[in-house]
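Data block below; observations after.
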Number of protein chains: 2
Amino acid sequence: MLTSILAPGSGINVLPLELTFGGDVESKPTSSFVDGQSIYSSGERAGQAYRVEFGAVRVYRVLANGRRQILAFHFGGDWFGLQNGDRHRSTAEAIGVTGIRSISLQRNPYIWQGLMPAVLENFSSAQEHQLVIGRQSAIERVAAFLAEMSERTGGLHRFELFMPRVDVADYLGLTIETVSRSLTKLKNKGIIRLHGPRGIEIVQCRALEDLCL
Amino acid sequence: MLTSILAPGSGINVLPLELTFGGDVESKPTSSFVDGQSIYSSGERAGQAYRVEFGAVRVYRVLANGRRQILAFHFGGDWFGLQNGDRHRSTAEAIGVTGIRSISLQRNPYIWQGLMPAVLENFSSAQEHQLVIGRQSAIERVAAFLAEMSERTGGLHRFELFMPRVDVADYLGLTIETVSRSLTKLKNKGIIRLHGPRGIEIVQCRALEDLCL
DNA sequence: CGTGCCGTTGACAGGCGTCAAGTACAGTGG
DNA sequence: CCACTGTACTTGACGCCTGTCAACGGCACG
């Protein structure tokens, strides 16, 4: 519904800054982050919109007892860090060497309207993820994760995971052991092939999607 | 960050229509729904913004195997149904007799910007819920649910649940039996008291919050 | 009073978390 | 060149939590 109004015909995720705002926005240049470096932390003052230029980002929250839930992964072109309230309730970290461009929302309050597609996209992803972690078994979650990663890397059947197992586990609400076992099961069923710890090859795409339900 | 720009000092959830849009919006009058009646269904064309006037709404998706996940409950003042794409991916149903006001987004495209606080609020709730269903045990989820319901009914320590057990279960990613058992455990610990199947009284508010971590 | 729905409780099995051991590999320093 | 170390990942054993199946009670309704 919104795409037809604000961003006709274009994927919401890949809006270049210039297309969205007409190029007259005060944007800082791309800044680079190393693996694990914090982009913003829970409790810090908010007020920026961030976009991944290259690399990847994990956004997570940690419960008082130390359990971590990764809320979302963001890749090239994705906007993140958009929220209500004046303080961040989550933490964003670079995965590998990552380039981030940020915009001050205080200095450019009118750009909120241009960010609506990005916010809706983030919202939609969060809802999608609620189904996965709320109602799917371990192997189904891992299957859904691989399908999502495949789709977000351009629909490739062979790709490398950006993140370690612990990130996958904390994204899916599982432990690293269960993720590992689920991958092994998928491999033994002939649905995927593993090429080293990070390399994934989807052999039976249809079977994988059937598992996602 | 956004509240200070678009809705200074007011709770995002309770923005009256008039305050947000200046009263010059083509809004249909409040329409009434009976218990279980569909407000919109998955697959239908989107293009409306909805607001709960009275009663309550559940928004859910159903997986191919029949498992249901309730994504959110909405109460008086809440906006819902906002999304990208032109077709609904979820279903919204009334819980009990419910009044809904809707606005056509096609006829009032400019109101999107006024809905940003509502979208961010929905997004924030979805993220919050990801933590609950991803990283908390059954009793912690139920505790978090009770705390949420208490907060959303105005911070009352004694309130009635709008929804049956199956809705609570499908919201929390549990079964009705586990929800029931968790409530019994909370009761036996003296943290809550149960007044009939729907009546909840929070006795030890602090202990309940400690469980939510 | 029978029927159906909702909720609770019990018995049991299975999936997943926990704990532990083992492998592969990159980096470091001798 | 190779031992040493730390990290990431896998695999196995075991136990608990929660899902499944079943029985039961309370209540509204016909």
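All chains are named by letter (A, B, ...) in the order of the sequence lines, taking the proteins before the strands, and each is independently numbered beginning at 1. All values below come from the heavy atoms of this structure, side chains included, with hydrogens, waters and symmetry mates left out.
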- Query: Do B:Arg67 and B:Asp170 meet the salt-bridge criterion of a basic N to acidic O distance under 4.0 Å?
  - Reply: no
- Please step through side chain to side chain donor-acceptor pair (under 3.5 Å) for the pair B:Glu201 and B:His195, ending with a clear verdict. CA-CA 7 Å; B:Glu201 180 183 356; B:His195 301 275; 2.6 Å; yes
- Message: Output one letter per nucleotide in nucleotides 25-30 of chain D: B when a protein non-hydrogen atom lies under 4.0 Å from the base, S when only the sugar-phosphate is that close, - when neither is.
- Response: ------
- Query: Less than 4.0 Å between a side-chain N and a carboxylate O, is that true for B:Glu93 and B:Arg58?
  - Reply: yes
- Message: Please report the distance, rounded to the nearest Å, between CG in A:Asn65 and P in C:dG17.
- Response: 14 Å
- Round to a whole Å and report the spacing from CD of B:Glu140 to C1' of C:dG17. 14 Å
- Decide if the gap between the ring center of B:Phe75 and the ring center of B:Phe162 is smaller than 6.0 angstrom. yes
- Under the criterion salt bridge (Lys or Arg N to Asp or Glu O under 4.0 Å), which of B:Arg101, B:Arg152, B:Arg51 is the partner of B:Asp78? B:Arg152
- Item | B:Glu128/A:Arg61 ion pair, N-O < 4.0 Å | yes
- Query: What is the distance from CZ of A:Arg67 to C1' of C:dG17, rounded to the nearest Å?
  - Reply: 12 Å
- Query: Once you round it to whole Å, what is the distance between P of C:dG17 and CD of B:Gln136?
  - Reply: 15 Å
- Check step by step if side chain to side chain donor-acceptor pair (under 3.5 Å) holds for B:Tyr171 and B:Glu148. CA-CA 12 Å; B:Tyr171 180 59; B:Glu148 181 188 353; 3.0 Å; yes
- Residues from residues 32-39 of chain B lying under 4.0 Å of DNA chain D - heavy atoms: none
- Message: Nearest whole Å is fine: how far is C:dG17 P from A:Ile139 CD1?
- Response: 14 Å
- Contact letters for nucleotides 7-14 of chain C, in which S counts primed atoms plus P, OP1 and OP2 and B counts the base, heavy atoms under 4.0 Å: SBBBB---
- Message: Looking at B:Arg158, I'd like to know if its CZ atom is crowded, meaning that more than 12 non-hydrogen atoms belonging to other residues, nucleotides or ligands lie closer than 6.0 Å.
- Response: yes
- Item | Main-chain N/O of B:Gln48 paired with B:Ser104 side-chain donor or acceptor, under 3.5 Å | no
- Under 3.5 Å, is there a donor-acceptor pair between the side chain of A:Arg87 and the main chain of A:Gly43? yes
